[in-house]
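Right, one structure below, let's go through it.
Convention: sequence-line order gives letters A, B, ...; per-chain numbering from 1.
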There are 2 protein chains.
Amino acid sequence: MPEPRFRRRKEDRPQEITEAAFEAFAEKGYSATRVDEVAKRAGVSKGLLYLYFKTKEDLFKAVIRSFVVPKIDELTTIIDNSELSSEEFLRGPFLDFVKTLPGSPISILIRLMISEGPKHPDLLDFYWENVVSRGLGALNIIVKRGVENGEFKHSCVDEFPHLFVMPVVFSVLFKLLFEKQCPDTDKLIEAQVGLLIDHMKGEHS
Amino acid sequence: MPEPRFRRRKEDRPQEITEAAFEAFAEKGYSATRVDEVAKRAGVSKGLLYLYFKTKEDLFKAVIRSFVVPKIDELTTIIDNSELSSEEFLRGPFLDFVKTLPGSPISILIRLMISEGPKHPDLLDFYWENVVSRGLGALNIIVKRGVENGEFKHSCVDEFPHLFVMPVVFSVLFKLLFEKQCPDTDKLIEAQVGLLIDHMKGEHS
DNA sequence: TCACTTGCTGACCCATGGGTCATTAACTAT
DNA sequence: ATAGTTAATGACCCATGGGTCAGCAAGTGA
């Protein structure tokens, strides 16, 4: 009795395909990845892939959606369930979270957003709304909370939560491009966060 | 007497072609740019382009080489000809220099390095040696000089000149991707530099 | 078991674009 | 002048890979 040549599993296919695509894109980037290759990795024919995703671009968008957004959800969940002071939160859970990013598969998606973003304005809008602005917003809340309860003074950090994100983006890219020459990204990120907290706690306008 | 159909200008062609390629790459990215298009912009036939550059990849490398390296030379020249204190230098010429980068054509090359770099390891090596390590080295000298002459205390900045570069890379990318939502990059960069200088001047280990 | 739906296949199509080369014409030297 | 050199052309080649579709077979229900 021979194994069936294939099995019909309508429910699982999309996820299997996006996972395969994620791996492939991560290894080779978007344009160097062949649709055939993705199909092969997913153990599926190219034709089937085109049944679930209208174009290669579509597939790409699905990958971004399904892998990056959960990562941000993770962060906001941590915030909501935390009773720590702002400083404790930044030095604890926040630092733990962002230190995992450089070197993780997520970093590749960040690179893909940089390379492919300008060609997909609607994707950038989506990414802005669901990832970047939510992330910056979360940081803003933490900082504001710290100022309001007297932990921190007012400073330029109020205006630029970006200052907390910078070292993460930088580390992600540095590790990706110059792995051999890369500084200890954990320490770099810690240094910046420590620096910002010191600054917010000290005497400044 | 008719205009000649073309003129032989062996000397000028390479530069004209790399300039055209720079523009084209800047607008469309590497893989979306057609060799034909570059040739047309340079007012030249595709065949001629292949006389001066063996492959499209070759052309890309030439573009990076001829546009990014001079930018770093500019920076090191400023340093060598400056008699300012470290703080004055950082707040003056350094800040002026890096503030011009976001929004300039150079920022597109940074994006291209990020997208195409991983596919061209030798290009990354070149870039590291001629741009990144030279830039970080220059910053290191400034910081070290400041520490030696008592302007600055020892701090984590000694170890991470990267802290000065972070906001620049970040601003470049942010403006490129989310122009509409982009904060005032001049202020962001100034904030970080000011923050670092304050930190170096204060009491820290 | 037999007709029917539909998930799935893989051979095929064809636009695209990197790269070539036989030919042409602008310079150069004698 | 004129023969020789080579910058420059552009029509052509062909591998590549995104996208299609006629047909096949796994599941389904009567």
_Selected nucleotide, minimal atom distance to B:Lys56 side chain, candidates C:dT9, D:dG10, C:dG18_ = C:dG18
*List the atom of A:Met113, the atom of A:Pro118, and the distance in Å for their closest heavy-atom pair.*
O-CD, 4.1 Å
*asked:* Between the side chains of A:Glu116 and A:Lys119, is the shortest nitrogen-to-carboxylate-oxygen separation below 4.0 Å, so that they form an ion pair?
replied: yes
*Does any residue of residues 17-42 of chain A have a heavy atom under 4.0 Å from DNA chain D, and if so, which ones, in number order?*
A:Thr33, A:Arg34, A:Val35
_Length of the line joining A:Glu57:CD and D:dG17:C1', which is rounded to integer Å_ = 16 Å
_Which residues pass the side-chain contact (heavy atoms from CB on, under 4.5 Å) test with A:Glu27, not counting sequence neighbours?_
A:Arg41
_Atom pair distance, as rounded to whole Å: CG in A:Leu59 and C1' in D:dG17_ = 15 Å
_What I want to find out is whether B:Arg13 reaches B:Glu16 closely enough, with some N-O distance under 4.0 Å, to be called a salt bridge._
yes
_So for the helix from C:dT1-D:dA30 to C:dT30-D:dA1, with five pairs setting each end axis, what is the inter-axis angle to 10°?_
0°
*Is it true that the NZ or CZ of B:Lys71 lies under 6.0 Å from the centre of B:Phe97's six-membered ring and within 45 degrees of the ring axis?*
no
*Residues which pass salt bridge (charged side-chain N to carboxylate O under 4.0 Å, His left out) with A:Asp73, listed by chain and number, not counting sequence neighbours*: A:Arg134
*For residues 46-53 of chain A, which residues have at least one heavy atom under 4.0 Å from DNA chain C?*
A:Gly47, A:Leu48, A:Tyr52
_For A:Glu179, is the CD atom crowded, meaning more than 12 foreign heavy atoms sit under 6.0 Å from it?_
no
*Hey, does the Lys NZ or Arg CZ of A:Lys56 hover above the aromatic six-ring of A:Tyr30, less than 6.0 Å from the centre and inside 45° of the axis?*
yes
*Which whole-number value in Å describes the distance from A:Arg13 CZ to D:dG27 C1'?*
14 Å
*Got a sec, which residues hit salt bridge (charged side-chain N to carboxylate O under 4.0 Å, His left out) with B:Glu83, two or more places apart in sequence or on another chain?*
none
*Only one of B:Pro102, B:Cys182, B:Ser171 forms a side-chain contact (heavy atoms from CB on, under 4.5 Å) with B:Leu188, so which one is it?*
B:Ser171
